[in-house]
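Note that these values count all heavy atoms, side chains included, but never hydrogens, waters or copies made by symmetry. Protein chains get the first letters and strands the later ones, always in sequence-line order, with residue 1 at the start of each. None of these values were measured; they are calculated from a predicted model.
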Amino acid sequence: MSHEQLPTDRPAVVTVGLPYANGDLHVGHLRGYVDGDLYARALRRIGQQTAFVCGSDMHGTPVAVNAAERDVDPEAFALEWHEQYRDRFPEFNVEFDYYGHTHEETNIDLTQEFVRSWLDGGYIVEDEIEVAWDTELDEPLPDRYVEGTCPYCGAEARGDECDEGCQRHLEPGEIEEPRSVRTGNPAEYRTREHKFLRLSEFQEYLQSFIDRVEGTDNARNQPREWIEGELQDLCITRDMDWGVDYPNGDGEELVLYVWVDAPIEYVAATKQYTERVGTDTYDWEAAWKPGGESRHGMTFEEDWQAESGEIIHIIGRDIIQHHCVFWPAMLRGAGYNEPRAVLATGFVNIDGDALSTSRNRAVWAREYLDAGFHPDLFRYYITTGSGLSNDVDFSWDRFAERVNGELVGNLGNFCYRALLFAARNYDGTPETTVSDEIHGQIEDAVESFETAVQAYDVRTIGQVAVDLADVGNEYIQRNEPWNLVGSEPDRAAQVIRDCIQLTRACAVLMQPVMPEKAQRLWEQLGESGSVAEAGLDAAHSPPPETFGEPTELFEQVESDTVEALTEQLRERVTATGDEERDADSAESDEETVTADLDPVETDRIGFEQFQELDMRVGEIREAEPIEGADDLVRLEVDIGVDRRQVVAGIKQLHDTDTLPGTRVVLLANMERAELFGYESDGMVLAAGEEADLLTTHADAPLGSRIR
RNA sequence: AGCGGGAUGGGAUAGCCAGGAGAUUCCGGCGGGCUCAUAACCCGCAGACCGGUGGUUCAAAUCCACCUCCCGCUACCA
């Protein structure tokens, strides 16, 4: 809103959402880290003191469960992934000032300090909830430690979601016939006391925060609906061993919810960065605490803003709620500064379809590197492919097209032809000064770079150097120095002098997006230092007088390579898809709607089990849509012996006006349920996604039993 | 259904918040040029009634209202 323009004289901290230590990295993950790295580098480039930090998210139930399945210690399990990420990021030139993990002591201590601060502030309340309990171990069973029957569809389900049946999220206490994953014994429900952060206390604060925070539209607008209604208290504890202990010291086995200690890693990593380099280089407290100290009070605008560091979070758009609602409240409650900006990036699609690891529709980080491509090419592609908050499509085709067209043909070619010409004819930079025309062009480019940083416009930051090279190509072509060397040597020297300056400006401006390539170009210009440390002014300062012949900065991506990679991806997706789809009649039924058919259940049931289903012939008497629901219809079904009110999700295919009079099959001994405030007493049978109603062929009397 | 985000030449994208010269860039198509340069580069042409309908305004891709269609989050198919 009214934040001071960047760069400010206060330290900035740039963070990226923590990778969860539970799986391999793919291009979708990479996007955020590359965006963050580019932005942090760009901030430094305009003179903002910046720490770029992140860490692995080690806690939470999935890590605990997966570790238990492999019979390893969760810490060891998570550390393995952590180390892989830590080593992988630099391979993409994503260089954090500190990359830690949430199980480090600094984070654990800091997290507990946050919680104590909330306790002191009266922001924590206790409440009782039902949790599943293993009677043999005498231990509670959070989330995925329980399995049982889904109360909704009756399928086998895990404690937190009905993963094989109806896909619903399940709240603690909902799953039926609970069973312990650890011992296989039946579990029972016990009442347990848990801690809650009183978000409602921060309602007013959050509303002012959301008006003030900068960043992408989705991050600023989407939270409004959540903070305008009554804010629900956030359950911040779990019955587990794996996590950060709840710091009350009374011997209870509670750890903090993973979303408590995870974002605090942003602070912890910054702190560890300071511990490594010293407060003279970077003072984490100046960034995170108003005036360098934690403090309480309600008016950020008046008291705090001038003393706050520039905290900028880059996240995926799926975790906006955590960063724009929970996190600011957590910081506020502990007397810390609030984020200046939250940038929510879009997703990465593969060949136009959503990336899916389960279907193996993904391009893995490792795979990209193994194909032999330079990381800077990916960085350019992914940051400039679309606006930050839009989705970006990744395809090898398009990748090759953009690398060949924009990097090889445009940027690379311009720098190469300029440097080569200069080296051959002048042994370096011709002795003359830059023309006004080119000086102006460079000035414009530098200005648009600065403006882009202030506007969090990652795309433009990544693009300016290529745009400037475009100017250069046109300029050199228009002036034809190769025809002037003999006839008008002074003019030729002038043109080449200008091109060398353009090249130098390109090196300076492309550094955030392609740091390694920029450095190489810098050295080809005869420089020996680091282009990163050169500063923006270096775009205008004269290059060294002599340098040798350059080498090509980028290489063409060959079409054979593209075809091979595309084919490899396609085969992999098809292979995985076939397994899922099984008998998909792709060739035949052109007219028929080909659904993704499930394979037939392999478990056979006995006749007795079938007899348990009391299904009757019925006729719909009344039908009316239920207000507020998309698919739901309230039905009155006459089954001879009885007349039932049933709620069914069939509005998609069936018009409610035509339903009365339709004969249907009703499962009469289905347990009662309430949907959208209406009781449903039975279940009408219907086929497929579209809910095509089952009916009878002839005229069996109403109430006839199906057998 | 609620809330967000979208819809721009054949494809992909920018511009929209801070309205104003018949709209950016890349790929593709057509024609020409050049040869210093990685068969690359440069120029010109064709191609968009900026999703639809209304409104505000001297002026709308840009602001407002309604609608259609996509995507995401949430609800949801007893």
Side-chain angles (χ1 to χ4, degrees), chain A residues 150-154 166-169 216-226 228-229 316-321 344 346-347 349 352 354 384-387 389-393 395 397-398 400-402 404-410 412-422 424-425 455 457 459-460 463 466-467 470 472-485 492 495-496 499 550-556 625-633 646-653 666-667 670-676 679-686 688-691:
Chain A
C150 173
Y152 301 102
C153 69
C166 59
Q167 305 287 330
R168 278 186 192 75
H169 165 81
T216 51
D217 290 345
N218 47 7
R220 292 184 303 124
N221 293 331
Q222 199 162 355
R224 289 180 194 277
E225 72 163 312
W226 297 317
E228 260 150 34
R317 70 155 103 97
D318 50 338
I319 49 175
I320 288 175
Q321 184 172 22
F347 294 130
N349 294 325
T384 60
S386 179
S389 58
N390 296 336
D391 291 353
V392 173
D393 192 47
S395 78
D397 250 358
R398 184 115 181 91
E401 190 180 295
R402 294 199 57 211
N404 292 344
E406 297 166 38
L407 296 183
V408 177
N410 188 342
N413 188 241
F414 171 68
C415 295
Y416 185 62
R417 72 200 294 202
L419 289 171
L420 189 64
F421 199 95
R424 284 185 180 165
N425 292 280
D457 183 355
R459 182 193 159 100
T460 301
Q463 196 68 47
V466 172
D467 290 347
D470 214 12
N473 268 320
E474 192 273 328
Y475 181 74
I476 196 170
Q477 184 77 24
R478 174 156 44 92
N479 290 289
E480 302 184 327
W482 46 90
N483 289 335
L484 299 173
V485 227
V495 173
I496 292 305
C499 290
T551 52
E552 291 92 340
L553 206 52
F554 302 101
E555 283 165 24
Q556 288 270 357
I626 289 176
E627 210 170 310
D630 206 13
D631 295 344
L632 295 183
V633 181
V646 176
V647 179
I650 56 173
K651 210 159 80 181
Q652 303 285 47
L653 187 65
L666 184 91
L667 177 58
M670 183 73 195
E671 70 183 354
R672 289 188 177 84
E674 192 178 289
L675 284 156
F676 269 75
E679 178 172 293
S680 182
D681 186 8
M683 172 174 174
V684 291
L685 301 189
E689 290 287 304
E690 300 291 315

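- Between A:Val485 and A:Phe421, the shortest heavy-atom contact is CG2-CZ, 3.9 Å.
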Per-nucleotide pairing state of RNA chain B [Watson-Crick or G-U, under 3.5 Å; [ ] pseudoknot-crossing; | other strand]: (((((((..(((.......[....))).(((((.......))))).....(((((..]....))))))))))))....
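- B:rG32 and B:rG72: their P atoms are spaced 47 Å apart (whole Å).
- Judged purely by distance below 3.5 Å, without hydrogens or angles, the side chains of A:Thr216 and A:Arg317 never pair a donor atom with an acceptor atom.
- Scanning both residues, A:Phe554 and A:Val408, for their nearest heavy atoms gives CB-CG2, 3.8 Å.
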Readout for nucleotides 37-43 of chain B: B = base within 4.0 Å of protein heavy atom, S = sugar-phosphate only, - = neither; 5' to 3' it is BB-SBSS
Take nucleotides 11-17 of chain B nucleotide by nucleotide from the 5' end and write B, S or -, depending on whether a protein heavy atom sits under 4.0 Å from the base, only from the sugar-phosphate, or from neither. -SSS---
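- Straight-line distance between the C1' atoms of B:rU13 and B:rU8: roughly 9 Å, to the nearest whole Å.
- For A:Glu552, the salt bridge (charged side-chain N to carboxylate O under 4.0 Å, His left out) criterion is met by no residue, not counting sequence neighbours.
- Both geometric conditions, a ring-centre gap below 5.5 Å and a plane tilt below 30°, are not fulfilled together for A:Phe421 over the base of B:rC36.
- Partners of A:Glu555 under the side-chain contact (heavy atoms from CB on, under 4.5 Å) rule, at least two apart in sequence or in another chain, do not exist in this structure.
- Look at the C1' atom in both B:rG29 and B:rG9: the space between them is 12 Å, to the nearest Å.
- Straight-line distance between the P atoms of B:rU56 and B:rG6: roughly 26 Å, to the nearest whole Å.
- The shortest heavy-atom contact between A:Val495 and A:Pro481 is CG1-CG, 3.9 Å.
- When each of B:rG72, B:rU35, B:rG4 is scored by its nearest atom to the side-chain atoms of A:Arg317, the top-ranked nucleotide is B:rG72.
- Between the C1' atoms of B:rU24 and B:rA14, the separation comes to 5 Å (whole Å).
- Comparing the C1' positions of B:rC45 and B:rG28 gives a spacing of 15 Å, expressed to the nearest Å.
- For the P atoms, the distance linking B:rA7 with B:rA12 amounts to 12 Å, nearest Å.
- Using atom P as the reference point in both B:rG5 and B:rA23, the two lie 29 Å apart (nearest Å).
- Looking at every heavy atom in both residues, A:Asn413 comes nearest to A:Asn473 through OD1-OD1, 4.3 Å.
- Nucleotide B:rC70 holds its C1' atom 12 Å from the CG atom of A:Asn349, rounded to whole Å.
- Remark: A:Asp217 engages A:Arg220 in a salt bridge (charged side-chain N to carboxylate O under 4.0 Å, His left out) (not counting sequence neighbours).
- Across the protein-nucleic acid pair, A:Phe347 atom CZ and B:rC70 atom C1' stand 16 Å apart, rounded to whole Å.
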